[in-house]
Number of protein chains: 2
Amino acid sequence: MTEATDDRSEPSDSPCDVDCYCQLNGLMDLLSRRYAMQLICVVGAIGPARYGEIEDTFESVSSSTLSSRLDDLVDAGYLSREQYAEIPPRVEYDLTDAGEELCRRLQPLLEWAADRDV
Amino acid sequence: MTEATDDRSEPSDSPCDVDCYCQLNGLMDLLSRRYAMQLICVVGAIGPARYGEIEDTFESVSSSTLSSRLDDLVDAGYLSREQYAEIPPRVEYDLTDAGEELCRRLQPLLEWAADRDV
DNA sequence: CAGAATCCATTCGGATACTG
DNA sequence: CAGTATCCGAATGGATTCTG
């Protein structure tokens with residue numbers, strides 16, 4: 001018999017093997033970009049949020065950076081973007097279902113992170 | 001009375017206000033670097049792990065990148081590094097207490113992420 | 001108001017070669 | 001084995017200006 005002191009050679013039962021953490025997948029790349037994780041939780045916290053609201057929440061973020069990060073999250077399906085035909089224009093971002101799930105999984109991390117090093 | 005349809009104007013009771021997500025703190029910067037989150041969970045999964053073990057777990061990572069990421073996490077206090085005076089040299093990385101807490105908060109996220117986009 | 005476009009300094013991470 | 005040192009292209013994010 002093959003020596004199997006641990007289960008690393010038999011990934012059959014584990015629903016999520018260690019290796020799964022290592023395949024750099026698109027989501028991790030996305031979340032690693034600046035403000036991405038914070039944005040999910042902020043939108044989750046203040047519900048449908050206008051662009052300006054979100055911008056104000058962050059102390060300093062350039063509009064170009066914020067825009068591209070919002071686009072990323074919309075394109076990836078974690079944020080929805082509703083544009084109203086008004087003047088002045090109004091845009092509202094909100095979490096999609098996937099975004100809510102993501103937010104749920106991010107919140108424990110971000111809360112702890114915020115406590116740690118303010 | 002002041003209108004308070006939501007609690008955004010009264011952040012008194014909330015232990016972690018929305019704003020806390022926005023202060024870009026050092027931990028989020030650290031976690032946003034490549035492999036950082038995965039490393040925490042990998043070390044959490046395979047216990048005390050040698051450098052080579054960790055390297056093998058990732059399909060492709062240059063030693064320079066892996067080294068610097070491990071250094072980051074050690075310096076930040078999430079990984080411990082034990083070096084044994086043997087030949088050939090042996091080094092073992094493990095989670096610190098803070099690292100374990102971090103791992104606990106990362107795991108739900110990474111497991112979900114791995115399921116999502118393989 | 002909610003961005004888009006452009007430009008640019010900095011940072012990041014991979015490749016490669018070398019070492020105690 | 002477990003890195004370090006150096007080099008370099010690519011990606012990132014900020015500043016600024018402009019627009020429907």
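First the proteins, then the strands, lettered A, B, ... as listed; each starts at 1. Because only heavy atoms are used, hydrogens play no part in the values below, and waters and symmetry mates are left out as well, while side chains stay in. Just so it is clear, the structure is predicted and the values come from calculations on it, not from any experiment.
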Note, A:S32 side chain near B:M37 side chain (heavy atom, < 4.5 Å): yes

Value in whole Å for how far the C1' atom of C:dC1 lies from CD of A:E53: 13 Å

A side-chain contact here means heavy atoms from C-beta on lying under 4.5 Å apart; do B:N25 and A:R116 qualify? no

Quickly work out the B:M28 CE to D:dG13 P distance and round it to whole Å. 13 Å

Give a yes/no answer on whether the side chain of A:R50 brings an N or O atom under 4.0 Å of OP1 or OP2 in C:dC1. no

Return the residues of residues 85-96 of chain A meeting this criterion: a heavy atom under 4.0 Å from some atom of DNA chain D. Order them by number, or give none. A:P89

Rounding to an integer number of Å, can you tell me how far B:L73 CG sits from D:dG3 P? 13 Å

How are the rings of B:F58 and B:Y35 set relative to one another: parallel (under 30°), tilted (30 to 60°) or perpendicular (over 60°)? perpendicular

Could you state the OH-P distance from B:Y51 to C:dG20, rounded to the nearest angstrom? 17 Å

Non-hydrogen side-chain atoms of A:D94 and A:L79 separated by less than 4.5 Å: no

Look at all strands and tell whether A:D71 reaches a base, only sugar-phosphate, or nothing, counting heavy atoms closer than 4.0 Å. sugar-phosphate

D:dG20 P sits how many Å from A:Q83 CD, rounded? 14 Å

Using a 3.5 Å distance criterion without hydrogens, assess whether the side chain of A:T96 forms a donor-acceptor pair with backbone atoms of A:S80. no

I'd like a list of close polar pairs between nucleotides 13-15 of chain C and the protein, N/O only, cut-off under 3.5 Å.
unit_1 : atom_1 : unit_2 : atom_2 : d
C:dG13 : OP1    : B:R34  : N      : 2.6
C:dG13 : OP2    : B:R33  : NE     : 3.3
C:dG13 : OP2    : B:R33  : NH2    : 3.0
C:dG13 : OP2    : B:R69  : NH1    : 3.2
C:dG13 : OP2    : B:R69  : NH2    : 3.0
C:dG14 : OP1    : B:R34  : NH1    : 2.7
C:dG14 : OP1    : B:Y35  : OH     : 3.0
C:dG14 : OP2    : B:T65  : OG1    : 2.7
C:dA15 : N6     : B:S64  : OG     : 3.1

A:S67 side chain to A:S63 main-chain N or O, any donor-acceptor pair under 3.5 Å? yes

Is there a side-chain contact between A:V61 and A:I54, using heavy atoms and a 4.5 Å cut-off? no

Euclidean distance, atom CZ of residue A:F58 to atom C1' of C:dG3 [Å, nearest integer]: 17 Å

Please walk me through it: do A:R105 and A:Q107 pass side chain to side chain donor-acceptor pair (under 3.5 Å)? CA-CA 6 Å; A:R105 289 164 189 268; A:Q107 221 140 18; over 6 Å; no

Give the nucleotide from the list D:dC1, C:dA4, D:dT4 with an atom nearest to the side chain of A:S63. C:dA4

Between its two end axes (five pairs each) the helix from C:dC1-D:dG20 to C:dG20-D:dC1 turns, nearest 10 degrees, through 60°

D:dG3 P sits how many Å from B:L70 CG, rounded? 7 Å

Listed once per pair and sorted, the salt bridge (Lys or Arg N to Asp or Glu O under 4.0 Å) pairs that draw on residues 59-79 of chain B, sequence neighbours left out: B:R33-B:D72, B:R69-B:D72

Only counting residues at least two apart or in another chain, list the ones meeting side-chain contact (heavy atoms from CB on, under 4.5 Å) with B:A45. A:V18

On the nucleotide D:dG3, are OP1 or OP2 found under 4.0 Å from the side-chain N or O atoms that B:R81 carries? yes

Taking side-chain contact (heavy atoms from CB on, under 4.5 Å) as the test, write out the residues that go with A:E92, two or more places apart. A:P48, A:R50, A:Y84, A:R90

Determine whether A:V43 and A:L73 make a side-chain contact, defined as any pair of heavy atoms from C-beta on separated by less than 4.5 Å. no

Nucleotide nearest A:S67 (side chain, heavy atoms from C-beta), chosen from C:dA2, D:dG3, C:dA4: C:dA4

A:D29 has an atom CG; how far is it from atom C1' of D:dT12, in whole Å? 13 Å

